[in-house]
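Structure first, commentary second.
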Amino acid sequence: MDILKDKPGSWRGRDSESAQSNVVPVDESRVNDNFDLLNTILTSSKLTSVEEVFRALDGCSISVSAHLVNKILRRFANDWVSAYGFFKWVATTQSCYEHCSDSFDLMVDILGKSKQFDAMWGLVEEMGHEKLVSLATMSKVMRRLSGAGRWKDAIETFHKIEKIGLEKDTMAMNVLLDTLCKERSAMRARDFFFEVRESIPPDATTFNILIHGWCKARKLEEARWTMEDMRESRFIPCVITYTSLIEAYCMDKNFRAVNATLEEMKSNGCSPNVITYTIVMHSLGKAKETQEALRVYEMMKRDGCVPDTSFYNSLIYILGSGGQLRDALSIYEEMHRNGSPPNVITYNTLISSACVHSQEEKALSLLLKMEESSCKPDIRTYSPLLKYCCRRKRTQLLYFLLGDMLKKDISIDLGTYTLLVQGLCRNGKLHQSCSFFEKMVLKGFIPWEHTYEMLLKELERKKLNEEKEIIIKLMARAVEQNSSGYHYARKKNQTG
DNA sequence: ATAGGGTTAG
């Protein structure tokens, strides 16, 4: 392994590919066994410090691979204590194993996401000693700093990257601009860009990032102005540029401007693509302009633009929410035939629509189809089903589904707990409702004010005073937990 | 992560 560390001509070695080929071929079944074991240890007890994780893993004799490490890190992406404890444990106890650069990058991202910035910087420094810091690493650092509202720190980080051996070039600048825009600060991105554009030459991507940032911030005048700047700098607006603008007009439901922009791009020799059409069609569908939306579908076919899975998903959503479940299902069949296979979103959309229309058998048969086609369900697959069960008082089915979720390791989020507590409360299942309220508090979630009041009111009406007192105490406890910062309601947020 | 998808509550 050591020979890889200072590979000549490559200051950043040790990616998981070379690491794997250098050790032993990956044995899938062993990776799975070890994953299950580690997963159990790291999940079973409440681990609140890195030391506790070390103790929990003590005596655990397994050989790790980069593949396994990354799998565990991804599994515990929302639980930095377990992830970081495990990461450190591997580094200190596995004498013939060294973390590869992408494991480091993943760990940096997890720490940044949980706002553990001291630990994050410590890790980056450690990586620096081994020459493992890349632009990918620093992108994660800048993105997480921006995400925490530390825009100044993100910009400072950019100015410091030369000390780490990275270049302050166009690519690095684009990364910072994108993180600033994506974290809701197009203005800071613009100011930064004006400061550095004399020393770092922008490219077309630079302008597209800024234009997209303005569009998302609903500052269309700024977006148009930036497009002029782009032209003056001798870059030609492309399909991405126009699609950003079209999306912004869609958000305003300004379909006149959408059509004008479609014409504008075409007359500039730029054709809309499947993404452009998806955005327009979806937004018409949401505005209940179903006929207009379907016209976009026709237009796209006429233009010879090929639909993909995402496009079909939108179409299914529009048909389903318009009550045309049958048509939605025939689109689903069509997807199998022409090379855009359904994915988890396709199924979720169809199941949700079937539930809304109380087509229980259809919904359950789709769930079964997912299993058959090894498409992994997620929490969004189940929440419409659970909601349906509450609404139609299908208690047995409800518990069957909850058990099924448990088996598949799908944990219930705040939104789903809310749906259960409120749904059961509304339909007279007060004791079950209380029990889910208790579970959500014990999991560290803070119930919405609305949920709490709804439940209290109903308990009062039924004169269930004992239960009422318990709920009041639980709510106080949830609020207390929050203010002491011990537990947080976890934001759903994917690692990327 | 230079552009697109579904979802709670009211």
Side-chain angles (χ1 to χ4, degrees), chain A residues 109 136 139-140 142-144 146-147 170-171 173-183 189 202-216 223 226 230 235 237-248 250-251 265 270 272-283 285-286 307-318 320-321 328 340 342-353 355-356 378-387 390 412-423 425-426 445 447-454 492 494-496:
Chain A
D109 197 44
S139 303
K140 296 193 153 81
M142 291 189 282
R143 195 172 294 283
R144 293 308 180 185
S146 296
T170 308
M171 226 206 293
M173 171 180 73
N174 288 349
V175 165
L176 176 60
L177 289 174
D178 188 51
T179 70
L180 293 172
C181 287
K182 290 262 165 67
E183 305 302 341
D203 60 9
T205 304
T206 314
F207 288 101
N208 283 335
I209 289 168
L210 290 167
I211 291 166
H212 183 239
W214 287 126
C215 287
K216 284 280 178 191
T226 308
M230 181 179 189
F235 293 105
C238 67
V239 60
I240 296 177
T241 326
Y242 289 109
T243 301
S244 294
L245 282 167
I246 287 173
E247 188 187 16
C250 281
M251 289 193 282
M265 68 188 288
C270 179
N273 63 17
V274 62
I275 297 177
T276 323
Y277 287 119
T278 306
I279 290 169
V280 176
M281 182 182 70
H282 190 76
S283 136
K286 280 209 146 167
D308 62 9
T309 299
S310 290
F311 179 87
Y312 280 129
N313 288 346
S314 267
L315 189 54
I316 285 175
Y317 171 73
I318 292 167
S321 47
S340 318
N343 60 15
V344 58
I345 296 168
T346 317
Y347 283 104
N348 292 357
T349 310
L350 281 167
I351 289 174
S352 165
S353 181
C355 288
V356 167
D378 60 22
I379 182 67
R380 295 164 180 89
T381 314
Y382 284 93
S383 51
L385 285 162
L386 300 177
K387 192 180 173 187
C390 295
I412 306 181
D413 61 8
L414 174 63
T416 309
Y417 271 118
T418 304
L419 159 174
L420 287 167
V421 173
Q422 297 187 179
C425 177
R426 248 198 301 272
F445 292 114
W448 297 118
E449 205 62 33
H450 177 79
T451 311
Y452 174 57
E453 268 158 23
M454 176 190 239
K492 50 174 182 178
Q494 65 276 49
T495 329

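Numbered from 1 within each chain, the chains take letters A, B, ... in sequence-line order. Here the structure is a predicted model, which means the values were calculated and not measured.
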> OP1, OP2 of B:dT7 versus side-chain N and O of A:Lys286: anything below 4.0 Å?
Replying inline: no
> What is the distance, rounded to the nearest whole Å, between atom CG of A:Asn343 and atom P of B:dT7?
Replying inline: 14 Å
>> Could you tell me how far apart A:Gln422 (CD) and B:dA9 (P) are, to the nearest whole angstrom?
In response: 7 Å
>> Less than 3.5 Å apart, any donor N or O on the side chain of A:Asn313 or A:Ser310 sitting next to an acceptor on the other?
In response: no
> Does a salt bridge link A:Arg143 with A:Asp178, judged by any charged N lying under 4.0 Å from a carboxylate O?
Replying inline: yes
>> Counting only side-chain heavy atoms from C-beta out, which of B:dG4, B:dG5, B:dG10 sits nearest to A:His450?
In response: B:dG10
> If you look at every strand shown and take non-hydrogen atoms under 4.0 Å, does A:Ile345 touch a base, only sugar-phosphate, or nothing?
Replying inline: base
> Any side-chain N or O of A:Tyr317 less than 4.0 Å from the OP1 or OP2 oxygen of B:dT7?
Replying inline: yes
> Looking just at side-chain N and O atoms, do A:Thr241 and A:Asn208 make a donor-acceptor pair shorter than 3.5 Å?
Replying inline: yes
>> Testing the basics here: between A:Cys390 and A:Leu420, what is the closest heavy-atom pair and its distance to 0.1 Å?
In response: SG-CD2, 4.0 Å
> Contact class for A:Tyr277 vs. all strands (heavy atom < 4.0 Å): base, sugar-phosphate, or nothing?
Replying inline: nothing
> For A:Arg144 and B:dA1, is the shortest distance between a side-chain N/O and OP1 or OP2 below 4.0 Å?
Replying inline: no
> Can you list the residues that meet the ring pair (Phe, Tyr, Trp, His ring centres under 6.0 Å) rule with A:Tyr417, with sequence neighbours excluded?
Replying inline: A:Phe445
> Heavy atoms under 4.0 Å, any strand shown: does A:Ser383 hit a base, just sugar-phosphate, or nothing?
Replying inline: nothing
> Choosing from B:dT7, B:dA9, B:dA3, which nucleotide comes nearest the side chain of A:Ser244?
Replying inline: B:dA3
> Is there a donor N/O on one and an acceptor N/O on the other, under 3.5 Å, for the side chain of A:Asp308 and the base of B:dG4?
Replying inline: yes
> Does a distance-only test, which skips hydrogens and angles, find a donor-acceptor pair under 3.5 Å between the side chain of A:Thr278 and the base of B:dG4?
Replying inline: yes
> Got A:Thr346 and A:Tyr312 here, is their nearest side-chain heavy-atom distance under 4.5 Å?
Replying inline: no
> Base, sugar-phosphate alone, or nothing: which one does A:Asp378 contact when heavy atoms must sit under 4.0 Å apart?
Replying inline: base
> Looking for any heavy atom pair under 4.0 Å, which part of the strands does A:Thr205 touch: base, sugar-phosphate only, or nothing?
Replying inline: base
> Has the side chain of A:Asn273 got a donor or acceptor atom sitting under 3.5 Å from an opposite partner on the base of B:dA3?
Replying inline: yes
> Could you give the NZ-to-P distance, from A:Lys182 to B:dA1, as a whole number of Å?
Replying inline: 9 Å
> What is the distance, rounded to the nearest whole Å, between atom CD1 of A:Ile211 and atom C1' of B:dA1?
Replying inline: 17 Å
> Between B:dA9 atom P and A:Asp413 atom CG, what is the distance in whole Å?
Replying inline: 12 Å
>> Starting the side chain at C-beta, find the nucleotide from B:dA3, B:dT7, B:dG10 nearest to A:Met454.
In response: B:dG10
> A:Met251 has an atom CE; how far is it from atom C1' of B:dA3, in whole Å?
Replying inline: 11 Å
>> Could you tell me how far apart A:Tyr417 (OH) and B:dA9 (P) are, to the nearest whole angstrom?
In response: 17 Å
> Contact class for A:Asn313 (heavy atom, under 4.0 Å): base, sugar-phosphate, or nothing?
Replying inline: base
>> Expressed as a whole number of angstroms, how long is the span from A:Ile275:CD1 to B:dG4:C1'?
In response: 6 Å
> Among the nucleotides B:dA1, B:dT8, B:dA3, which one has an atom lying closest to any side-chain atom of A:Glu247?
Replying inline: B:dA3
